[in-house]
Engineer: 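I'd like to ask some things about the structure below.
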Amino acid sequence: MDYEKALNEIKEILSNSKNNLQDVVNYIFENIDHYSWIGIYLVEGDDLVLGPWKGPNSTEHTRIPIGTGICGAAAESGKTELISDVKADTRYLSCFVSTKSEIVVPIIKDEKILGEIDIDSDRVNAFTKEDAQFLERVADMLKEHI
Ligand code: SME
């Protein structure tokens with residue numbers, strides 16, 4: 001996938017669409033092969049609450065306390081979490097038996113954590129620095145739409 005092209009498409013979706021967070025989630029899911037599940041969690045008080053998502057299965061983790069799991073860790077620190085092998089991370093909260101690796105990128109505006117992008121992959125070590133940079137740029141665009 002050409003990430004620059006994807007960023008331009010996402011910019012377009014955000015400027016045109018009414019249901020823009022869901023449409024961005026759908027676009028990313030459909031265009032990037034190694035992303036097996038994608039969701040946007042939004043901060044509500046001390047919790048992360050699942051917003052738009054796309055993938056083969058729903059997750060039971062629709063509300064995650066900040067500080068719990070990989071998702072909660074990223075929301076606490078404001079830093080991207082790139083987990084090559086979820087089995088090796090004791091913080092990991094399992095959603096799907098097929099998940100092997102995960103990336104979580106916070107959405108931050110004016111130093112406030114608004115939410116995050118969470119992506120699972122069915123491949124071990126699926127995510128690279130390029131994925132992190134791409135998703136950090138997506139998060140930077142999404143912050144204006146939350
Ligand atoms: N695995 C996450 C929970 C969310 S599911 O991946 C959709 C975690 O450890 O926080």
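Since this is a predicted model, take the numbers as computed values, not measurements.
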Engineer: Just by modelled atom types, is the Ser15 backbone N or O under 3.5 Å from a matching donor or acceptor in the His145 side chain?
Structural biologist: no
Engineer: With a cut-off of 6.0 Å (strictly less than), are more than 12 heavy atoms of other residues, nucleotides or ligands near CG of Asp33?
Structural biologist: no
Engineer: Who are the side-chain hydrogen bond (donor to acceptor under 3.5 Å, both in side chains) partners of Thr80, not counting sequence neighbours?
Structural biologist: Glu136
Engineer: Can you check whether Ile119 reaches Ile38 side chain to side chain, under 4.5 Å on heavy atoms?
Structural biologist: yes
Engineer: Report the relative orientation of the aromatic rings in Phe134 and Tyr3; use parallel for angles under 30°, tilted for 30 to 60°, perpendicular for over 60°.
Structural biologist: parallel
Engineer: Can you name the nearest heavy-atom pair linking Ser121 to Phe127, along with the distance?
Structural biologist: CB-CZ, 3.6 Å
Engineer: I'd like to know if the side chain of Thr68 reaches the main chain of Ile64, judged simply by a donor and an acceptor atom lying under 3.5 Å from each other, with no hydrogens or angles considered.
Structural biologist: no
Engineer: Measure from the side-chain N and O atoms of Glu116 to the backbone N and O of Ile40, and report whether any donor-acceptor pair falls under 3.5 Å.
Structural biologist: no
Engineer: To the nearest 0.5 angstrom, please state how far the CH2 atom of Trp53 sits from the CG atom of Leu21.
Structural biologist: 15.5 Å
Engineer: Does Asp2 CG have over 12 foreign heavy atoms under 6.0 Å away?
Structural biologist: yes
Engineer: Within the 4.5 Å heavy-atom criterion, are Ser101 and Asn125 side-chain neighbours or not?
Structural biologist: no
Engineer: Can you tell me how far apart CG (Asn20) and CD1 (Ile146) are? Round to the nearest 0.5 Å.
Structural biologist: 9.5 Å
Engineer: Under a 3.5 Å distance rule, please check whether Thr62 uses its side chain to pair with a backbone N or O of Leu50 as donor and acceptor.
Structural biologist: no
Engineer: Where the side chain of Ser98 meets the backbone of Asp122, is there a donor-acceptor pair that is under 3.5 Å apart?
Structural biologist: no
Engineer: Distance-only, no hydrogens or angles: does the Ser17 side chain make a donor-acceptor pair with backbone N or O of Leu14 under 3.5 Å?
Structural biologist: no
Engineer: Check the angle between the aromatic planes of Phe96 and Trp37 and answer parallel, tilted or perpendicular using the 30° and 60° thresholds.
Structural biologist: tilted
Engineer: Mind checking the CG-CD spacing from Leu93 to Glu102? Nearest 0.5 Å is all I need.
Structural biologist: 8.5 Å
Engineer: For Asn8 and Glu12, does a side-chain donor sit closer than 3.5 Å to a side-chain acceptor?
Structural biologist: no
Engineer: What's the separation between atom CD1 in Ile113 and atom CG in Leu42, rounded to the nearest 0.5 Å?
Structural biologist: 13.0 Å
Engineer: Could you check whether Asp110 pairs with Lys112 (Lys NZ or Arg NE/NH1/NH2 to Asp/Glu carboxylate O, under 4.0 Å)?
Structural biologist: no
